[in-house]
Each structure stands twice: as C-alpha cells, then as structure tokens.
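Notes follow the structure.
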Amino acid sequence: MHTGTLMESAPEPFVVDTDAELTEGPVWDGPRGRLLWVDITAGRVHSIDIETARRELWQLDHEVGAVAPCAGGGLVIADRIGFARLDEKPTRLSDVVEPGLRMNDGACDPTGCFWAGTMAFDERPGAGALYRLSTDGSVQEMLGGVTISNGIGWSRDGARMYYVDSGVQSVEVFDWQPGAALGRRRRLVVLPAAAGTPDGLAVDAEDCLWVAFWGGWAVRRYSPEGELLSEVGLPVARVTSCAFGGEKLDELFITTAAHGLSEQERREQPLAGAIFRCRPGVRGLETFAYAG
C-alpha cells in the first residue's frame, strides 16, 4: 500500500474519555476555536476549546448522530428522531425519522443547509435516507435506499458532493448545485471488506478525501479521482471520522469508537473511543455553519 510522505506528525491522543462508546462527527467551529463531536449511543454532544481546554457537554435522552455550528450561535443536531437546535436545551425543528431508525452522520453544505442521513438500528439494507434541512427550516429527502448513511463533504469549488453509504463499501460522488436535486452519481472508491468499512470523511484544500475506516485501523487519503495516496494508522480498530481544525486548519482530528468491542479487544485497545490529533502536512477547508 502506498503511504505517501505527507505526515508531519504521528497521531496522538487529544481527548480521552474513558466512558466514550461511539465517538463520531468531529466538526471544527472556527469562529469559536472549538472542536465539536458526538457520542452517538450515549446521547452526548461535546465541545472543547483548543486553547483553554474548556469542555462543554449537552446530554440528550436519546441517540444523537451529528452536530454542526450555527452561524448565529448555538448548534444544530441530527438526533434519533430528526433535527433540533441546541442552545441551553434542544428545540425541535423537524421530526422525520421512522420508528426503528436513527440519524447518523451529517454536515453543512456551502449554502448553510444541514444534511444528515439515517440508518436502521438492525442495519437492514436500504432502510435509510439522506435529508437536507434548508435554511428556512424545511426538510427534503434527497436520497433513498440508503443502508448506513455516513460521511458527507463538498469539493473546494462546490461542484461535487462526496458521500459514504457504509452498507455498500464505497465512497460516491454526486454532481451538486445549491438548492437542486442531486445530480449525476458515480462510485469513486469501491473497497473490499478486508480494508474496513468506510465511515466519516473530510476534504482537504487540495480536493483530496480523508476517509475513516471502521475496522480498518486507519484514515486513508484519496485523490479526487479515487486513487489511494496515503494512510494514517491508528492504535484502535474502529476509526469513525475525521475533521480538519486548528487556527491554520492544518490539524486533523480523528474520532474512534469502543462500541461493539469484546472485553479482550477493549483491553488490547485502551484508547478506543479517544480523539486523536496529528498534522498531516496539508490544510483542510473551512467548516460551513448552518445558516437557518
């Protein structure tokens, strides 16, 4: 496997929560200098100020799949039943999820809309969908027949949307225009099960994709054409997502999970569930906030 020469530093633990189970969805909130993330099954939304290490925690009474900053302050979340604003407490925006399903990963597009998709608790094929929460608060189903809706990102010019359905072992790309239906769809990367399952992703300033691999012990970097360029190895198997952050957007934050590991695997992977940080040698793109 080609591992490239980008890495400036090896990944090191940045946030270690001993009770974290399914750490996911890291998002850099640049104006506030903080990293956001969720612990899905625990129903927790977290933030940490990078300079002061000040932590905040919002505890929900059900699963939460994704979080994003709002342009006017506060947060928007995709939780078990739909979308909500999160200030001191949740305010419901739209309940769209059918029984037996929950929201999973999500991200904001260049126009400030928030996208998030669903999956069935039993992971049955094709039960989920991908939704868009528009800035006026309306919700549209943008893609059906999804198994495990996961990583979402946009190219630097906004002409392409990258998308992971973990249930089909691939990274896909759509032609994308603001406010329009998803355009031409094609497979960018198709992966054997032995490589791990593609999960969350991030796009860097060179338009390359960084994809986290559940069961793959790594984050891998792909060119816009789908060529494997490099790999960041982790000391834990279940790597869930990644995001660029820091003042210069030159730090890569990588989330991991302990969820589903056996007791022996937990002993062998004591950092499972931690967030790691490294300098990969390339900068990321600015995070888009929800503009609703």
Side-chain angles (χ1 to χ4, degrees), residues 11-17 20 22-40 42-60 64-79 83-93 103 105-116 133-135 137 151-154 156 158 200-205 210 212 240-256 273-280 282-292:
E12 296 183 352
F14 175 64
V15 177
V16 180
D17 288 329
L22 190 46
T23 307
E24 254 280 17
V27 181
W28 176 248
D29 183 0
R32 296 164 186 84
R34 62 180 177 174
L35 183 73
L36 307 167
W37 73 96
V38 300
D39 187 346
I40 293 178
R44 294 171 180 168
V45 178
H46 295 265
S47 80
I48 185 170
D49 184 295
I50 299 300
E51 294 297 326
T52 67
R54 179 177 179 269
R55 297 278 300 271
E56 289 188 88
L57 169 66
W58 295 264
Q59 179 68 63
L60 307 181
V64 55
V67 61
C70 295
L75 307 172
V76 62
I77 59 172
D79 60 14
F83 296 101
R85 287 289 295 259
L86 188 59
D87 294 299
E88 293 184 0
K89 60 181 181 179
T91 302
R92 301 304 315 167
L93 295 176
M103 283 286 192
D105 206 355
C108 290
D109 70 24
T111 70
C113 296
F114 184 43
W115 296 61
L133 174 66
S134 297
T135 57
I152 308 173
W154 284 264
R156 185 172 51 184
L201 63 79
V203 182
D204 69 29
W210 296 75
T240 58
S241 193
C242 56
F244 284 93
E247 183 179 356
K248 298 180 180 179
L249 296 177
D250 61 348
E251 300 175 73
L252 188 67
F253 296 92
I254 303 169
T255 52
T256 68
I275 298 175
F276 294 81
R277 177 170 62 173
C278 64
R279 293 185 184 274
V282 64
R283 295 185 182 186
L285 300 175
E286 182 179 353
T287 300
F288 302 113
Y290 177 58

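Residues take their numbers from the sequence shown, with the count starting at 1. Just so you know, these numbers come straight off a predicted model, no measurement behind them.
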Where A71 and A289 come nearest, the two heavy atoms and their spacing: N-CB, 3.7 Å
Name of the residue among V67, L36, L57, V27 meeting side-chain contact (heavy atoms from CB on, under 4.5 Å) with S47: L36
Residues T23, I275; criterion side chain to side chain contact (heavy atoms under 4.5 Å, CB included); working and verdict: CA-CA 8 Å; T23 307; I275 298 175; 3.9 Å; yes
Gap between atom CG of D109 and atom CH2 of W115 - 0.5 Å precision: 6.5 Å
Rounded distance (nearest 0.5 Å) linking atom CZ of F14 with atom CG of L35: 6.5 Å
Distance-minimising heavy-atom pair for P13 and V16: CB-CG2, 3.8 Å
Aromatic ring pairing F253/W28, orientation class (parallel under 30°, perpendicular over 60°, tilted between): parallel
Test: D17 and R55 ion pair at under 4.0 Å: yes
Criterion side-chain contact (heavy atoms from CB on, under 4.5 Å) against F114, the qualifying member of L133, L93, T135: L133
Whether over 12 other heavy atoms sit under 6.0 Å from E286 CD: no
Atom pair CG/CZ of D204 and R156 - distance to nearest 0.5 Å: 9.0 Å
Geometric class of the W37/H46 ring pair [parallel <30°, tilted 30-60°, perpendicular >60°]: parallel
Separation between CD1 of I48 and CG of D29, rounded to the nearest 0.5 Å: 13.5 Å
Exam field: side chain Q59 to backbone A42, donor-acceptor pair closer than 3.5 Å: yes
For the student: nearest non-hydrogen atoms of R85 and G292, plus distance: NH1-O, 3.5 Å
Y290 side chain to A107 backbone, donor-acceptor under 3.5 Å: no
Minimum-distance pair of heavy atoms, taken over all atoms of A202 and A243: CB-CA, 4.2 Å
Single hit among R283, R279, R277 for salt bridge (charged side-chain N to carboxylate O under 4.0 Å, His left out) with D250: R279
Shortest non-hydrogen separation from P26 to T255 and the atoms involved: CD-OG1, 3.5 Å
